[in-house]
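In this chain, residues are counted from 1 in sequence order. Side chains are part of it too, since the values below use all heavy atoms of this structure and drop only hydrogens, waters and symmetry mates. Read the numbers this way: they start at 1 and go in the same order the structure lists the ligands and their atoms.
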Amino acid sequence: MESYVEFSEEVREARKKGQAIVALESTIISHGMPYPQNVRTAREVEDIIRSKGAVPATIAILNGKIKIGLSQEELEYLGQATGVIKASRRDIPYILASRKDGATTVAATMICAEIADIPVFVTGGIGGVHRNAEVTMDISADLEELAVSNVAVVCAGAKSILDIGLTLEYLETKGVPVLGYQTDSLPAFYTRTSPYSVNNKVESAEETAALLKAKWDIGLKGGVVVANPIPEEDAMNESEMTSIIERALKEADEQGIKGKEATPFLLGKVKELTHGRSLKANIALVKNNAHVGADIAVRFARLGKVEAN
Ligand code: PSU
Ligand code: MN
């Protein structure tokens, strides 16, 4: 295992000291946002996590090594390079063995976070069951990973490029708790609410950390979704987003976009159709998730220490 994994200096130190660490994904950098906003956002998110007393570990595969924590140069490289493979679970072996570069999705980042013993992971949105999945069978590997990897994923809920109802059904089948952070309604990424309810509302980072501890203490494998709504002032208009997403889905269908290209294509289209406003919202919600995720990581690390005493 050691020969495949490399820790940054900052993360190595944090592990030694038992500090709280927060995992961050890299598909959002290389396939989810354009340059230079992608690199700037990644840096700002890392700084938010530091300001909360935790240590950020952005995860990617570079030259066939799983990197837990990236240097400024590596972040910049990921943000600009064009040959970086979008890496989900199935892509990892090829990228490692052929010494290529991979930007890890939620699924792949969860795998790497678990290898590195990092229980909390912050991102924007998770993949899910796509609309029309009963025909295409397009169900993100993120959901399977949530079923098996012991990592809490702090996100802004599920985007309505997905079938949110089916995504919740899938997570229910797999036994993945979907928590609303100070909300009863499942947030829909660009908007604070959706027509769907979360399983449980949590009021605080403490409450969330206690739930994680209970789940893993009794050996219930798998992740937890912590759905944190986009800040009010950054949220987008629900009916406008619905029609834009319909248009993006129609274009994807007409152009025959499928498989791993689907999510990046749809995100790009939505950005184009909102004249960049969706990107602004995306940036705001990731930062907001960084605040909450860092708080949860700090509380969870403390619970572990109480136990050890
Ligand atoms: N949703 C976003 N931005 C993203 C992604 C999802 O708003 O960048 C990325 C994440 O890395 C997620 C991946 O894990 O897309 C899901 O891709 P797929 O649907 O192909 O599994
Ligand atoms: Mn897919």
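In terms of protein heavy atoms, atom 9 (C) of ligand 1 is closest to Thr27 CG2, 4.0 Å. With respect to atom 19 (O) of ligand 1, the closest heavy atom belonging to the protein is Thr263 OG1, 2.7 Å. Closest to atom 3 (N) of ligand 1, if we only count protein heavy atoms, is Leu267 CD1, 3.3 Å. Regarding atom 6 (C) of ligand 1, its nearest protein heavy-atom neighbour is Gly125 O, 3.5 Å.
Each of the atoms 8 (O) of ligand 1 lies under 4.0 Å from some heavy atom of Gly32. Near His130, with a cut-off below 4.0 Å to any heavy atom, the atoms of ligand 1 are 19 (O). Close approach of ligand 1 to Phe189 is summarised as follows: ligand atoms under 4.0 Å from at least one heavy atom of the residue are 7 (O). Taking a cut-off of under 4.0 Å to the non-hydrogen atoms of Lys159, the atoms of ligand 1 that pass are 1 (N), 2 (C), 7 (O). Interface of Ile28 with ligand 1, defined as ligand atoms under 4.0 Å from a residue heavy atom, comprises 8 (O). Each of the atoms 17 (O), 18 (P), 20 (O) of ligand 1 lies under 4.0 Å from some heavy atom of Lys86.
The residue among Ser140, Ala87, Gly128 with a heavy atom at the shortest distance from atom 21 (O) of ligand 1 is Ser140.
A salt bridge is defined here as a Lys NZ or Arg NE, NH1 or NH2 lying under 4.0 Å from an Asp or Glu carboxylate O, and Lys250 with Glu246 fails to meet this definition. Residues Arg43 and Glu76 are paired through a salt bridge, judged by an N-O separation under 4.0 Å between the basic side chain and the carboxylate. Under a 4.0 Å N-O distance rule, the pair Glu144/Arg89 does not qualify as a salt bridge.
Residues Leu279 and Met33 are in side-chain contact: their nearest non-hydrogen atoms beyond the backbone lie under 4.5 Å apart. Looking at Met241 and Phe189, their side chains never come closer than 4.5 Å, going by heavy atoms from C-beta outward. Looking only at side-chain heavy atoms (C-beta outward), Lys215 and Pro177 come within less than 4.5 Å of each other. No side-chain heavy atom of Lys269 sits under 4.5 Å from any side-chain heavy atom of Ile161. Here the side chains of Lys174 and Leu143 are not in contact, with every heavy-atom distance at 4.5 Å or above. Put simply, the side chain of Thr109 does not reach to within 4.5 Å of the side chain of Thr123, judged on heavy atoms. Inter-residue side-chain proximity for Pro56 and Glu10 is flagged as met; some heavy-atom pair is nearer than 4.5 Å.
Under a 3.5 Å cut-off, the side chain of Lys86 and the backbone N or O of Lys260 do form a donor-acceptor pair. At distances below 3.5 Å, not a single donor-acceptor pair connects side-chain atoms of Asn199 with backbone N or O atoms of Leu179.
For a threshold of 3.5 Å applied to N or O pairs, the pair formed by Lys260 and ligand 1 contains no separation below that value. Taking any N or O of Thr104, backbone or side chain, none lies under 3.5 Å from an N or O belonging to ligand 1. For the pair Asn282 and ligand 1, the shortest N or O to N or O distance does not fall below 3.5 Å.
Residue-level proximity to ligand 1 for Thr105 is carried by backbone and side chain together, each with a heavy atom below 4.0 angstrom. Using a 4.0 Å cut-off between heavy atoms, Asp142 contacts ligand 1 through its side chain alone, with no backbone atom that close. With a heavy-atom cut-off of 4.0 Å, Glu25 touches ligand 1 through its side chain alone. Neither the backbone nor the side chain of Ile126 has a heavy atom within less than 4.0 Å of ligand 1.
Nearest to the Mn ion (ligand 2), among the N, O or S atoms that Asp138 has, is OD1.
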